[in-house]
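Contents: one structure, followed by commentary.
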Protein chains: 2
Amino acid sequence: MATTMQQRMLEAMLPADLAAEPERWQQRKSVRTRIRLVEAAIDCLVEEGYAGLSTQKVAERTGASRGAMHHHFATRMDLAAAVVEHVFYRRMRGFLDDYLGSVAGARDEALFEISTEAYWRSVQTRDYAAYVELAVAARSDGDLERVFLPAARRFDAVWIGEMIESFPQWQARWETMKLVNDFVVTAHMGLLLNLPVIGERRAALVRRLVARTVAMLHAEAAAGAFEV
Amino acid sequence: MATTMQQRMLEAMLPADLAAEPERWQQRKSVRTRIRLVEAAIDCLVEEGYAGLSTQKVAERTGASRGAMHHHFATRMDLAAAVVEHVFYRRMRGFLDDYLGSVAGARDEALFEISTEAYWRSVQTRDYAAYVELAVAARSDGDLERVFLPAARRFDAVWIGEMIESFPQWQARWETMKLVNDFVVTAHMGLLLNLPVIGERRAALVRRLVARTVAMLHAEAAAGAFEV
DNA sequence: AAAGAAACCGGCAAGAGTGCCTGTTTTGCC
DNA sequence: GGCAAAACAGGCACTCTTGCCGGTTTCTTT
């Protein structure tokens, strides 16, 4: 059941690259180098920002030639688009791996707290750093935005949809669940970006406040589930 | 009293450019073009991101020559540093202007809500967009980070310090005040960046939740002021 | 095995950006 | 009026990146 959920969510976010595992060796090799290129691109993105994501550096990093790079991704934006797909997929996979491990056998009441902590961990990953870079770059780059926003909305839709599907017993509290989710997502993104300024200590206090707010909403929803 | 606070805060964040108003016409003209260049640079930053902040485009935008540009800012990073200073100053000024206008004659209980709303407005400005761009770019650009972080910390220190200075009657609740401040700052930054994905409606719900949390903390602190 | 396709290589021209440098104009001081 | 200094103009050389293209190697198919 849990694995089914994971499978469904991952499949919904699967990049076109990884859709079909081909049997021909040539194509398989092609897929492998494509993935290597995208991985290197993510490294570039994290280390040097969206501006540093150049086809040249990515090719150099993987040891591939510029020709091979251009064969797989004709333009820089093609590469960026592939990176967007992969980053969302990897974020989903990373979170699910961590979350499903820590949630095993937890009580209903602890669920929100466990989820929140898992989410905070996910925010501190390399994949999330890449995601932030893309999200911000998309604000001032129309071409990137046209690739990024649909992917982000799909991620959101899969996330919310699966959340609803997975907890049918909370039907009356779905709106609250969605709100809690949005709240945690936004608060943690802001927290990550402000971390260098406010420092670990204050960040931990804010994180505790976020957890308290989530708990408060959860308690409220549990009490008033039939009044809404 | 209120104007004194405003003056103190602004003075503490005043860029070196604007420190002294010179009487010589030549220097005054120099300051004016410097400011014009920085303003154009902020436009670049907002419209095209940190990567699009080039000395060339900025010079072109103001009608100045590349020589003039180079005279005022020898390197791109010199320009970026000036932009950092100005952006923080402008953010401070913009918020104070708005806030001091809306807070006039408000009751203590309404203060947090008014502040929160003023802060959300400030987050939606052009200056804040520039700030976000710098904050994210500083994550992957060491040179920029060395300019940005100290300025950000100074902004934070001035903010917190003045908050404490302005509300001596809340001495026992200072820690809570600081927490509330950090919470509002982080939550709203995350909210802004997630706005394109979650949309206005959900963002408004999150915003209401933030306000509720702030109110809750305020009520708590008011009740247990002497227990802490 | 031979043709065709797919993956891969590396060079070319064009464009943008940077830092530096030499002049030219405008202003300030005596 | 004249000299020094500051503000401003624009050229030069260099680097980096992009997109494209002709050629080569490595499968795949028949």
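Taking 4.0 angstrom as the limit, B:S65 places none of its side-chain polar atoms (N or O) nearer than this to OP1 or OP2 of D:dG10. Within the structure, every side-chain polar atom (N or O) of A:H71 is placed at least 4.0 Å from both OP1 and OP2 of C:dC8. Listed pair B:Q56 / C:dA16 fails the phosphate criterion, with no side-chain N or O lying under 4.0 Å from OP1 or OP2. In this structure, B:T33 reaches the D:dC8 phosphate: one of its side-chain N or O atoms is under 4.0 Å from OP1 or OP2.
A salt bridge between B:E162 and B:R8 is present, with a side-chain N of the basic residue lying under 4.0 Å from a carboxylate O of the acidic one. With salt bridges taken as basic N to acidic carboxylate O contacts below 4.0 Å, one links B:K57 and B:E48.
Side chain of B:A64, nearest nucleotide from D:dA9, C:dA7, D:dT18: D:dA9. If you check C:dC8, D:dA9, D:dT18 against the side chain of A:A68, the one that comes closest is C:dC8. Of all nucleotides listed (D:dC8, D:dT18, D:dC21), D:dC21 comes nearest to the side chain of A:H70.
Put simply, OH on B:Y50 is 15 Å from P on C:dG17, counting in whole angstrom units. If you take CD of B:E48 and P of C:dA16, they are 12 Å apart, rounded to a whole angstrom. Atoms CE (B:M69) and P (C:dC20) sit 14 Å apart, rounded to a whole Å.
Not a single donor-acceptor pair under 3.5 Å links the side chain of A:R207 to the backbone N or O of A:R202.
Comparing B:H72 and B:R66 along DNA chain D, the residue whose closest nucleotide (by nearest heavy atom) sits nearer the 5' end is B:H72. Residues A:L53 and A:G67 each lie close to DNA chain D; by heavy-atom proximity, the contact nearer the 5' end of the strand is made by A:L53.
Taking the centre of each ring, B:F148 and B:F88 come in below the 6.0 Å mark.
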